[in-house]
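Written out below as structure tokens is the structure these notes cover.
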Amino acid sequence: QVQLVESGGGLVQAGGSLRLSCAVSGRTFSNYFMGWFRQAPGKEREFVAAISWSGGSTYYADSVKDRFTISRDKAKNQMYLQMNSLKLEDTAVYSCAGDSRGSVYFEESYQYWGKGTLVTVSS
């Protein structure tokens with residue numbers, strides 16, 4: 001059974017940093033993309049970043065480019081999201097997703113999802 005489990009969320013002041021982790025068990029996504037999405041209160045879930053598990057190609061939403069960095073550790077079967085210069089509008093539940101077989105920007109492309117971790121940015 002495939003499981004994705006996020007960790008690392010919490011409360012941080014604006015301008016601060018957090019690193020989210022996504023632990024994958026049950027299989028490896030060696031041929032497909034993994035991604036991070038987020039859902040703010042009252043809003044739809046949106047794409048944040050994606051990475052190809054094998055080649056390390058990365059994609060970012062414009063709103064997080066130059067502030068967030070996605071990475072993966074193939075040996076540990078984990079994915080990360082380093083978030084710097086956090087803003088109030090980054091407050092959301094962040095979810096990792098695995099095994100994208102279409103456009104990495106669309107949540108419908110992903111086969112597996114974690115339950116999410118809450119990031120709250122305060123002023």
Side-chain angles (χ1 to χ4, degrees):
Q1 183 178 356
V2 178
Q3 278 193 317
L4 279 67
V5 180
E6 304 92 339
S7 61
L11 176 64
V12 62
Q13 284 193 322
S17 298
L18 277 177
R19 189 176 86 149
L20 305 183
S21 299
C22 175
V24 181
S25 61
R27 65 164 288 180
T28 57
F29 297 118
S30 58
N31 296 319
Y32 301 105
F33 281 77
M34 292 193 68
W36 287 98
F37 285 74
R38 67 185 181 186
Q39 186 167 22
K43 295 187 177 181
E44 293 187 351
R45 188 156 57 185
E46 63 176 2
F47 170 79
V48 175
I51 187 167
S52 64
W53 196 253
S54 57
S57 298
T58 58
Y59 302 85
Y60 295 95
D62 288 342
S63 59
V64 306
K65 202 173 294 184
D66 299 326
R67 298 191 298 123
F68 291 9
T69 303
I70 190 172
S71 61
R72 83 279 183 259
D73 185 325
K74 290 190 284 186
K76 294 182 178 180
N77 218 21
Q78 292 209 13
M79 179 177 67
Y80 307 100
L81 186 68
Q82 177 66 43
M83 305 186 295
N84 299 329
S85 302
L86 283 161
K87 304 176 180 180
L88 297 178
E89 52 264 42
D90 294 320
T91 294
V93 174
Y94 285 73
S95 300
C96 66
D99 200 9
S100 168
R101 303 195 181 201
S103 171
V104 299
Y105 299 100
F106 300 130
E107 57 182 287
E108 294 80 8
S109 298
Y110 294 85
Q111 307 297 309
Y112 303 101
W113 289 86
K115 293 183 179 180
T117 185
L118 177 63
V119 172
T120 303
V121 183
S122 65
S123 58

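Numbering of residues begins at 1 and proceeds along the displayed sequence.
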Self-check item: Flag side-chain contact, heavy atom, 4.5 Å: Met34 against Leu4
Solution: yes

Quiz item: So with a 6.0 Å cut-off around CG of Asp66, is the heavy-atom count from everything else above 12?
Solution: no

Quiz item: Which class fits the ring pair Phe68 and Tyr94: parallel under 30°, tilted 30 to 60°, perpendicular over 60°?
Solution: tilted

Quiz item: Measuring from Ser63:OG to Phe47:CZ, what's the distance to the nearest 0.5 Å?
Solution: 9.5 Å

Self-check item: Heavy-atom closest pair, residues Ser95 and Arg45
Solution: OG-NH1, 4.3 Å

Self-check item: Tyr110 (side chain) donor-acceptor with Val104 (main chain) under 3.5 angstrom
Solution: yes

Quiz item: What are the two closest heavy atoms between Gln111 and Asp99, and how far apart are they?
Solution: CG-O, 3.2 Å

Practice problem: Would you name the heavy atoms of Ser21 and Trp36 that are closest together and state the gap between them? | Solution: O-CH2, 3.6 Å

Quiz item: Donor-acceptor pair, Ser52 side chain versus Ser57 backbone, under 3.5 Å?
Solution: yes

Self-check item: Nearest atoms (heavy-atom pairs only) where Ser17 meets Gln82
Solution: CB-NE2, 3.9 Å

Exercise. Step through the shown structure and confirm whether more than 12 heavy atoms of other residues, nucleotides or ligands are within 6.0 Å of CD on Glu44.
Key: no

Quiz item: Any donor-acceptor pair under 3.5 Å linking the side chain of Ser109 with the backbone of Ser100?
Solution: no

Self-check item: Other residues, nucleotides, ligands: >12 heavy atoms within 6.0 Å of Glu89 CD
Solution: yes

Quiz prompt | Glu6 side-chain N/O to Cys96 backbone N/O, donor-acceptor pair under 3.5 Å | solution = yes

Quiz item: With Leu18, which of Leu11, Val12, Thr120, Asn84 fulfils side chain to side chain contact (heavy atoms under 4.5 Å, CB included)?
Solution: Val12

Practice problem: Side-chain contact test, heavy atoms from C-beta onward, threshold under 4.5 Å: evaluate it for Arg38 versus Asp90 and give yes or no. | Solution: yes

Quiz item: Side chains of Lys87 and Val121: closer than 4.5 Å at any heavy-atom pair?
Solution: no

Quiz item: If we only count heavy atoms from C-beta on, is the Met83 to Leu20 side-chain gap below 4.5 Å?
Solution: yes

